[in-house]
Every structure is written in C-alpha cells, then in structure tokens.
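Only one structure is covered here, and it is reproduced in the block below.
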Amino acid sequence: MKLISEKLPMSPQSAPFQCPIKTQKLNKWKKEKEDYYNHSKLVEKALQLLKERIKKGETLARFLRGQLYFEEEKGVEYMKKILESPCPKTRHLKYAAAYNLGRAYHEGQGVPHNDEEAERLWLFAADNGNPKASVKAQSILGLYYSTKEPQELEKAFFWHSEACGNGNLESQGALGLMYFYGQGVHQDIEAALQCLRQAADRGNVYAQGNLVEYYYKMKFFTKCVAFSKRISEYDVCHDVPTIAQMTDCLPEYITKGIAKASFYYARCLQLGLGITKDEAEARKCYAKACHLCPALADELYSLVICQKI
C-alpha cells in the first residue's frame with residue numbers, strides 16, 4: 001500500500017475559491033508537469049541513474065547516493081522538530097507533520113519500519129476526529145485497521161465515519177462497502193448504496209467499480225454497461241494520477257476500481273448482456289483488468305468458473 005503525504009494546510013485568508021470546472025481544467029493543464037516533478041519519482045529516477053553509474057565504476061556516484069539518502073532522512077528530522085517545537089507558529093503544522101511522519105514509519109522511509117509508531121502518530125494527527133486536524137490521518141486509520149492482522153473493523157468503521165463526516169471521499173466509499181458487507185457495523189444495503197452513489201458522484205472510482213459489480217449482480221445490465229464502459233476507458237498512466245490529485249483518493253484503489261469495471265464490462269460483452277456481443281473487445285477488457293490488478297482479476301475469474309457471475 002503506497003500512501004500519499006498530507007498537504008500543508010492553507011490559512012483561511014489565503015485559500016482561494018475556484019469553481020470545480022476551472023479547477024479541473026487547471027489540474028489537467030498542470031498534470032504533465034506535476035507528474036514529471038513529483039518528488040518521489042524524481043528520487044526514484046535519481047537512485048536508478050546512480051545505480052547505473054556505480055555499476056560502471058564511478059566512485060563519485062557512491063558518494064552522491066549516500067548524500068541523497070542523507071537529504072531524504074532530513075525530512076524525517078524536520079517533521080520530528082515540528083512535533084517537538086513549543087513555538088505557537090508551528091502549531092498548525094503539527095497534524096500534517098504527524099501524518100507524514102507516520103507514513104514514513106509505515107513505509108520504512110528514512111526510519112525503520114514500525115507500524116506501532118505509525119499508528120501512534122496517526123492517532124495524534126487524527127485528534128479524535130477533529131475536522132481541523134489531519135482528515136487524511138483519520139481516513140488512513142480506517143484503512144489501516146481494516147487491513148492489519150488481526151483486523152479491527154469497529155475501529156476502522158469509526159475512523160472512516162469521522163473522515164467521511166469531515167469530507168473525505170476515500171472514506172465515504174469505504175463506508176459504503178462496510179455497510180454493504182456488514183464489516184464493523186450491522187449490514188445496511190440502503191445505507192451502503194447511498195454512500196457508494198454519493199462517493200461515485202463525487203469521483204471515487206473505487207466506489208464506481210463496486211457499483212458496477214452491484215448492477216451486474218442485480219441484473220441491471222444496461223446500467224452496468226453504461227457505467228462500466230465509461231470507467232474502463234480511463235487511461236491508467238495519465239488519468240489515475242489526475243484523479244488521485246483531484247479526489248485525494250489512493251491510486252491503488254482507483255486502479256482497482258478501473259480493473260473491476262473493465263472485468264464486468266468484458267463479461268457483458270462476452271455474453272451480450274445489455275450490449276451487442278463482441279468477444280474480441282471482451283478479450284481486450286479482460287486483458288486490461290488482468291494487467292491492472294492480477295489478484296482481483298483472478299478472484300473474479302474464480303467466480304466465473306463457479307458460474308456465480
């Protein structure tokens with residue numbers, strides 16, 4: 001699971017108002033530059049170049065790699081200093097710093113991997129659901145408690161509820177699935193569909209993919225085709241980073257949503273459900289689903305073999 005760092009908060013006075021349409025166009029215009037100048041990608045590229053130079057025997061490359069690791073670890077030290085600082089001017093940065101530091105411990109970036117420390121920092125950053133704290137920390141706690149071993153689904157439901165109440169789109173989709181399957185809460189299909197539809201309308205691709213699955217299983221094939229066709233046409237390389245930036249959802253789950261929609265669209269094409277039968281196009285969509293998320297595609301293929309879908 002690759003996490004995304006918390007953005008620094010903007011003061012209410014400096015936060016500009018932008019209409020959604022203009023914001024969307026601006027984000028599309030900025031996409032290529034932002035992808036190119038993404039810090040983690042630049043670091044990864046730099047390390048790869050240095051690795052190649054080390055193989056060629058360049059002594060300086062070893063020094064530069066060490067320097068790069070050193071500079072990256074400085075970020076951890078700076079976040080620790082913000083958390084420990086008594087200065088009132090750093091107070092508004094503490095939640096973001098705690099979230100980012102927790103991410104570093106969870107991923108083992110600049111510090112040894114330590115999920116317990118990551119959890120402690122995220123709990124501080126989440127501040128018991130305070131809307132002025134790190135909403136991303138609240139959401140990631142929901143994800144953390146639902147994926148750790150053993151799962152703590154009641155805690156996951158609590159934190160997704162807090163994050164959703166504070167406007168987090170990722171958690172709204174997660175709540176829909178928890179209601180749907182009765183995880184950490186009593187099963188409530190009506191509440192599940194309400195959460196999933198609202199999240200889908202706001203751009204949560206994972207919620208959209210799960211709605212496609214629901215429409216297929218309920219035999220609303222025309223609706224399933226219309227919905228899944230649009231989602232399956234997303235270009236992963238270009239659209240996923242843009243969607244992740246605009247919705248603040250994890251790219252991993254955006255990709256899963258596209259994969260699920262592609263698979264069910266392929267199934268409809270293969271069987272001629274809600275659309276004219278087209279086995280050649282079905283094979284392309286199956287291949288896309290397998291490429292995007294092999295584990296999910298394998299799970300869905302098992303359901304096909306068992307004649308459950």
Side-chain angles (χ1 to χ4, degrees), residues 1 3-20 23-24 27 79-80 82-106 117-148 152-179 183-185 188 191-192 194-207 243-251 253-254:
M1 179 180 68
L3 304 183
I4 302 173
S5 63
E6 178 83 341
K7 299 174 184 177
L8 290 179
M10 297 179 68
S11 64
Q13 294 81 9
S14 63
F17 171 79
Q18 292 180 322
C19 71
T23 302
Q24 184 175 357
N27 282 331
M79 285 185 283
K80 287 181 178 179
I82 290 172
L83 283 173
E84 296 167 359
S85 174
C87 178
K89 292 182 179 180
T90 65
R91 189 177 302 152
H92 70 294
L93 300 175
K94 287 184 182 290
Y95 295 128
Y99 170 79
N100 283 326
L101 192 54
R103 184 178 68 93
Y105 275 106
H106 181 75
E117 184 63 10
E119 180 185 1
R120 184 188 71 81
L121 288 161
W122 285 338
L123 286 170
F124 170 81
D127 195 28
N128 202 34
N130 177 4
K132 294 182 180 179
S134 171
V135 177
K136 183 169 278 294
Q138 296 162 13
S139 179
I140 219 65
L141 278 169
L143 182 60
Y144 172 72
Y145 286 125
S146 63
T147 55
K148 65 175 294 195
E152 297 183 67
L153 295 176
E154 290 185 1
K155 286 185 179 181
F157 180 81
F158 170 80
W159 284 112
H160 277 312
S161 297
E162 293 298 307
C164 178
N166 292 328
N168 186 274
L169 180 54
E170 186 101 67
S171 284
Q172 188 174 33
L175 279 180
L177 292 174
M178 296 190 83
Y179 274 121
Q183 296 178 333
V185 65
D188 188 334
Q194 182 178 358
C195 282
L196 288 173
R197 284 169 178 155
Q198 288 179 358
D201 288 343
R202 293 175 60 200
N204 186 318
V205 178
Y206 191 56
I243 295 169
Q245 182 190 2
M246 293 176 64
T247 63
D248 212 19
C249 291
L250 293 170
Y253 284 89
I254 296 171

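This structure is a prediction, so every number in the text was calculated from the model and none was measured.
Nearest heavy atom pair, residue Leu169 against residue Gly203, reads CD2-C, 4.1 Å. Between Asn166 and Pro131, the closest heavy-atom pair is OD1-CB, 3.2 Å. For the pair Ser171 and Cys164, the tightest heavy-atom approach, listed with the atom from each and the gap, is CB-N, 3.9 Å. Scanning all heavy atoms of the two residues, the minimum distance from Ile243 to Thr247 falls at O-OG1, 2.6 Å. Across all their heavy atoms, Gly173 and Ala207 have their closest contact at CA-CB, 4.4 Å. Smallest separation of non-hydrogen atoms from Trp122 and Ala98: CD1-O, 4.3 Å.
Rounded to the nearest 0.5 Å, atoms CG (Leu143) and CD (Glu170) are 7.0 Å apart. In this structure, CG in Asn168 is found 3.5 Å from OG in Ser139, a value given to the nearest 0.5 Å. Annotation: the span from Tyr206 atom OH to Leu196 atom CG amounts to 10.0 Å, rounded to 0.5 Å. The distance from the CZ atom of Phe158 to the CG atom of Asn128 is 5.0 Å, given to the nearest 0.5 Å. Here the straight-line distance linking atom CZ of Arg202 with atom CE of Met246 works out to 12.5 Å at 0.5 Å rounding. Atom CG of residue Leu141 and atom OH of residue Tyr99 lie 9.5 Å apart, to the nearest 0.5 angstrom.
With Asp188 contributing its side chain and Ala191 its backbone, the two residues share a donor-acceptor pair below 3.5 Å. Between the side chain of Gln138 and the main chain of Ala126, a donor-acceptor pair closer than 3.5 Å is present.
Considering only residues two or more places apart in sequence or on other chains, Phe157 meets the ring-ring contact (aromatic ring centres under 6.0 Å, His included) condition with Tyr179. Remark: Tyr105 pairs with Lys80, Leu101, Val111, Asn114, Glu117, Ala118, Leu121 by the side-chain contact (heavy atoms from CB on, under 4.5 Å) rule, at least two apart or across chains.
Side chains of Lys136 and Asp248 form a contact here, defined as non-hydrogen atoms less than 4.5 Å apart. Side-chain contact between Trp159 and Leu123: present, with at least one pair of heavy atoms (C-beta onward) separated by less than 4.5 Å.
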Stepwise side chain to side chain contact (heavy atoms under 4.5 Å, CB included) test for Leu175 and Ser161:
CA-CA 7 Å; Leu175 279 180; Ser161 297; 3.6 Å; yes
Evaluate side chain to side chain contact (heavy atoms under 4.5 Å, CB included) for Leu250 paired with Ile140, printing each intermediate quantity in order.
CA-CA 10 Å; Leu250 293 170; Ile140 219 65; 4.3 Å; yes
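Below 30°, between 30° and 60°, or above 60°: for His106 and Tyr144 the angle between ring planes is above 60°, a perpendicular geometry.
No more than 12 heavy atoms of other residues, nucleotides or ligands lie within 6.0 Å of CZ in Arg91, so this atom counts as exposed by the packing criterion.
Using a 3.5 Å distance cut-off with no hydrogens or angles, the side chains of Asn204 and Gln172 do not pair a donor with an acceptor.
Applying side-chain hydrogen bond (donor to acceptor under 3.5 Å, both in side chains) to Tyr145 and the options Lys155, Glu119, His160, Glu152 leaves one that passes, Glu119.
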